[in-house]
Engineer: 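Quick one: the structure is below, questions incoming.
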Amino acid sequence: AQSVTQPDIHITVSEGASLELRCNYSYGATPYLFWYVQSPGQGLQLLLKYFSGDTLVQGIKGFEAEFKRSQSSFNLRKPSVHWSDAAEYFCAVAFLNFGNEKLTFGTGTRLTIIP
Amino acid sequence: GAVVSQHPSRVICKSGTSVKIECRSLDFQATTMFWYRQFPKQSLMLMATSNEGSKATYEQGVEKDKFLINHASLTLSTLTVTSAHPEDSSFYICSAPEGVSRVTQYFGPGTRLLVL
């Protein structure tokens with residue numbers, strides 16, 4: 001069965017510092033990969049996605065992610081974080097199921113930004 | 001990106017009553033919508049897949065008689081929590097896939113349910 005692992009439950013980063021959030025997946029074929037961000041009490045906003053092609057994908061808010069097939073990873077990065085980036089980040093994998101594309105989520109990484 | 005709305009954003013109800021939550025795709029049609037439940041500081045758990053024109057598909061362990069889903073149109077799905085109990089208190093989020101591949105899901109803002 002497919003699964004998504006986010007090994008870091010909580011990360012604290014200084015404002016202006018670089019950020020990398022880890023995501024590993026277990027899946028039999030090349031998955032569709034996503035990163036979502038959730039602010040407290042809010043729904044999820046799509047940051048970026050990877051379906052195929054260039055393994056380095058750019059997203060909104062200055063985020064990027066790199067798909068590494070050999071490592072089954074899809075890590076999220078940002079060169080310089082802002083206080084507004086404090087939120088919960090979820091990595092997700094999609095697989096086909098009778099035409100309905102279900103998402104499997106990681107457990108999330110909570111990002112705290114310190115001045 | 002596509003926009004999905006939910007109503008209400010929060011609701012408080014007494015134990016034993018039923019609560020209906022609406023999920024709408026505002027600028028696209030959705031033959032499929034998904035309903036998730038999220039407990040505090042946890043990830044999203046898929047409850048069911050809502051299908052326009054047919055019955056919903058429930059995930060293992062989710063009581064279909066407890067969580068009634070109706071996909072009334074191509075832009076509206078509703079989740080009714082019947083005979084709600086305090087343990088049903090949670091954050092409920094819907095999503096709808098959009099785009100040619102219909103893989104990318106767009107999420108509603110969520111509904112906070114508190115059952116007293």
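Letters go in sequence order (proteins before strands), and every chain restarts at 1.
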Engineer: Could you look at B:Gln6 and say if it's the side chain, the backbone, both or neither that has a heavy atom under 4.5 Å from chain A?
Structural biologist: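 When you check distances to chain A, no heavy atom of B:Gln6 falls under 4.5 Å.
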Engineer: What part of A:Gln38 gets within 4.5 angstrom of chain B, counting heavy atoms only: side chain, backbone, both, or neither?
Structural biologist: side chain
Engineer: With a 4.5 angstrom heavy-atom cut-off, which part of A:Leu44 approaches chain B: side chain, backbone, both or neither?
Structural biologist: both
Engineer: Centres of the B:Phe107 and A:Phe90 rings: under 6.0 Å?
Structural biologist: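 Here the rings of A:Phe90 and B:Phe107 have centres that are no less than 6.0 Å from each other.
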Engineer: Quick one, B:Val81 and B:Val115 - any side-chain contact, counting heavy atoms below 4.5 Å?
Structural biologist: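 B:Val81 does not reach B:Val115 side chain to side chain.
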Engineer: Tell me the closest heavy-atom pair linking A:Trp35 and A:Asn75, and the distance in Å.
Structural biologist: NE1-C, 4.1 Å
Engineer: Using a heavy-atom cutoff of under 4.5 Å, enumerate the residues of residues 106-115 of chain A that contact chain B, numbered in order, or state 'none'.
Structural biologist: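 Result: A:Gly106, A:Thr107.
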Engineer: Show me the pairs that pass salt bridge (charged side-chain N to carboxylate O under 4.0 Å, His left out) and involve residues 70-96 of chain B, at least two apart or across chains.
Structural biologist: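 Salt bridge (charged side-chain N to carboxylate O under 4.0 Å, His left out) check on residues 70-96 of chain B returns B:Lys66-B:Asp88.
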Engineer: A:Phe34 ring centre to A:Lys49 NZ or CZ under 6.0 Å, with the angle to the axis within 45°?
Structural biologist: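 Judged by the rule (NZ or CZ under 6.0 Å from the ring centre, within 45° of its axis), A:Lys49 is not positioned above A:Phe34.
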Engineer: Which bit of B:Gln105 comes within less than 4.5 Å of chain A, counting heavy atoms only: side chain, backbone, both or neither?
Structural biologist: both
Engineer: How about B:Glu52 and B:Gln29: does a side-chain donor come under 3.5 Å of a side-chain acceptor?
Structural biologist: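 No, B:Gln29 and B:Glu52 have no side-chain donor paired with an acceptor closer than 3.5 Å.
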Engineer: Measure across B:Cys94 and B:Ser5 and return the closest heavy-atom pair with its distance rounded to 0.1 Å.
Structural biologist: SG-O, 4.3 Å
Engineer: Among A:Val4, A:Thr104, A:Asn24, find the residue that satisfies the side-chain contact (heavy atoms from CB on, under 4.5 Å) test when tested with A:Cys91.
Structural biologist: A:Val4
